[in-house]
Amino acid sequence: MSHGEPRRVAILGSGTGSNARALVEYSRGAAKSFTVELIISTRSDAGIVNVAREFNIPYVILQKNDWVLSLERGIDEAHCDILALAGFMRKLPTSTIEKLSGRVVNIHPALLPKFGGAGMYGIHVHTAVIKAGEHTTGATVHLVTDEYDEGAILGQDSIQILPGDSPESLQERVKRLEHELYPRVVDAFSREMGIRTRHA
Ligand code: GAR
């Protein structure tokens with residue numbers, strides 16, 4: 001961006017970190033509209049922590065007892081504008097959602113509003129999609145609200161389900177889709193928010 005500063009993003013997750021990696025790599029390319037300033041994990045042994053170390057990004061490991069406090073403090077101290085969930089399986093408390101009003105985004109491995117809600121995460125989603133006999137599936141980036149997977153949809157991409165697909169093969173192909181989709185949507189979202197000034 002030629003004027004102002006890129007939007008500051010914190011990523012929260014507990015998985016392998018492949019989406020976090022895709023966001024970081026994208027943000028370090030040309031014409032960046034956002035930078036990843038903080039990675040937050042619910043587990044010290046999660047792959048997402050290795051992404052933080054590899055790219056030299058500050059990270060926070062949330063402890064069981066005061067995880068909401070640590071999360072909100074981390075976001076405040078890093079002056080983050082956007083919180084991007086990437087493999088976060090808990091429900092965010094209302095206080096955090098309100099604090100970042102309209103600026104929490106999530107990626108979900110299905111075509112919402114189908115296959116969302118409590119218990120629908122990771123491999124469980126792909127198992128349910130195959131069981132339901134769907135012909136297509138995909139990934140959705142959406143705003144986070146108080147209800148699981150119910151916020152406004154910011155972007156979606158789909159793929160065909162092939163005969164013989166297993167939950168694992170579907171997960172692998174949907175993840176590849178996610179790695180393209182998520183950075184593109186966060187980029188557009190950051191631009192729509194407008195350029196950050198030092199006082200924004
Ligand atoms: C991703 O597939 C993401 O869509 C899913 O967790 C995976 C995290 O993978 N999220 C959900 O199911 C949320 N309901 P990653 O750690 O490799 O990015």
Side-chain angles (χ1 to χ4, degrees), residues 8-28 34-100 103-110 112 115-128 139-149 151 167-168 170-179 181-183 185-186:
R8 298 169 70 87
V9 173
I11 304 176
L12 169 60
S14 57
T16 64
S18 70
N19 278 289
R21 174 181 293 276
L23 286 167
V24 172
E25 284 177 350
Y26 184 98
S27 74
R28 296 200 172 180
F34 67 92
T35 55
V36 178
E37 298 293 334
L38 181 68
I39 288 185
I40 309 161
S41 174
T42 52
R43 289 172 25 211
S44 58
D45 61 348
I48 195 169
V49 178
N50 295 333
V51 175
R53 291 200 188 105
E54 184 183 329
F55 288 92
N56 218 7
I57 296 170
Y59 63 90
V60 174
I61 311 288
L62 301 180
Q63 305 303 323
K64 274 207 179 95
N65 311 336
D66 66 344
W67 69 273
V68 177
L69 196 68
S70 316
L71 171 65
E72 294 184 358
R73 191 183 293 144
I75 292 167
D76 274 348
E77 286 176 2
H79 303 290
C80 290
D81 305 302
I82 298 170
L83 175 62
L85 309 186
F88 181 67
M89 307 310 179
R90 299 182 196 170
K91 204 165 175 188
L92 269 188
T94 308
S95 65
T96 312
I97 296 170
E98 282 177 355
K99 193 177 175 59
L100 283 150
R103 291 180 284 119
V104 185
V105 296
N106 179 43
I107 186 146
H108 184 78
L112 292 174
F115 303 102
M120 278 291 168
Y121 59 88
I123 197 76
H124 304 298
V125 176
H126 306 293
T127 304
T140 304
V141 180
H142 65 96
L143 289 176
V144 173
T145 64
D146 268 344
E147 297 304 321
Y148 272 119
D149 306 321
E168 289 74 18
L170 218 48
Q171 181 175 50
E172 193 188 317
R173 286 194 294 124
V174 169
K175 273 208 185 177
R176 266 187 258 145
L177 205 65
E178 292 182 341
H179 301 160
L181 177 70
Y182 209 3
V185 172
V186 173

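Throughout, numbering of the chain's residues begins at 1 and tracks the sequence.
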Non-hydrogen atoms of Cys80 and Leu100 that approach each other most closely: O-CD2, 4.0 Å
message: Please report the interatomic distance CG(Leu12) to CZ(Phe88), rounded to the nearest 0.5 Å.
response: 4.5 Å
- line: Taking every heavy atom of Thr35 against every heavy atom of Ser27, the minimum-distance pair comes out as CA-CB, 4.3 Å
task: Taking Asp81 for its side chain and Arg8 for its backbone only, find out whether a donor-acceptor pair lies under 3.5 Å.
output: yes
query: What pairs with Arg103 under side chain to side chain donor-acceptor pair (under 3.5 Å), at least two apart in sequence or on another chain?
result: none
- prompt: Looking only at heavy atoms, what is the nearest atom pair of Ile107 and Ala86, with distance?
  reply: CG2-CA, 4.4 Å
query: What's the verdict on side chain to side chain contact (heavy atoms under 4.5 Å, CB included) for Ile11 and Val36, showing C-alpha distance, side-chain angles and the deciding distance?
result: CA-CA 7 Å; Ile11 304 176; Val36 178; 3.7 Å; yes
message: If you define the side chain from C-beta out and look only at heavy atoms, does anything of Leu71 sit under 4.5 Å from Ile40?
response: yes
message: In the structure I gave you, are the side-chain heavy atoms of Tyr182 and Tyr26 within less than 4.5 Å of one another anywhere?
response: no
- prompt: Of all heavy-atom pairs between Val68 and Ser95, which one has the smallest distance, and what is that distance?
  reply: CG1-OG, 4.1 Å
Flag side-chain contact, heavy atom, 4.5 Å: Pro109 against Glu178: yes
field: side chain to side chain contact (heavy atoms under 4.5 Å, CB included) between Val9 and Leu23, worked out
entry: CA-CA 10 Å; Val9 173; Leu23 286 167; 5.6 Å; no
message: As an exercise, state the distance from OG of Ser14 to CD1 of Ile61, rounded to the nearest 0.5 Å.
response: 11.0 Å
- line: Output for pair (Thr127 OG1, Gln171 CD), nearest 0.5 Å, gives 8.5 Å
message: To the nearest 0.5 Å, what is the distance between OG1 on Thr140 and CG on Leu112?
response: 4.0 Å
task: Can you measure from CE (Met89) to OG1 (Thr42) and round to the nearest 0.5 angstrom?
output: 9.0 Å
Glu37 and His79, any side-chain heavy atoms less than 4.5 Å apart: no
- request: Specify the closest pair of heavy atoms between His179 and Asn19, including all atoms of both residues, with the distance to one decimal.
  value: CD2-OD1, 3.4 Å
task: Considering non-hydrogen atoms only, spot the tightest contact between Leu62 and Ser70 and give its length.
output: CD2-CB, 3.7 Å
query: Below 4.5 Å, heavy atoms only, C-beta onward: do Tyr121 and His108 meet side chain to side chain?
result: no
task: Not counting sequence neighbours, which residues clear salt bridge (charged side-chain N to carboxylate O under 4.0 Å, His left out) with Arg43? List them please.
output: Asp45
- request: Could you pull out all residues at least two apart from Tyr59 that satisfy ring-ring contact (aromatic ring centres under 6.0 Å, His included)?
  value: none
message: Here's a test for you: under side-chain contact (heavy atoms from CB on, under 4.5 Å), which of Asn50, Val51, Val49, Val60 qualifies with Ser41?
response: Val49
statement: salt bridge (charged side-chain N to carboxylate O under 4.0 Å, His left out) pairs touching residues 47-70, sequence neighbours excluded, are Arg21-Glu54
message: Could you tell me if the side chain of Ile75 sits less than 4.5 Å from the side chain of Leu83, heavy atoms only?
response: yes
- line: CG (Leu92) and CG (Leu85) are apart, to the nearest 0.5 Å, by 5.0 Å
message: Can you confirm whether Val105 sits close enough to Leu143 that some side-chain heavy atom of one is under 4.5 Å from a side-chain heavy atom of the other?
response: yes
field: Any residue meeting salt bridge (charged side-chain N to carboxylate O under 4.0 Å, His left out) with Arg90, in chain and number order, not counting sequence neighbours
entry: none
message: Once side chain to side chain contact (heavy atoms under 4.5 Å, CB included) is applied, do any residues pair with Glu147, and if so which ones, sequence neighbours excluded?
response: Lys91, Thr145, Glu150
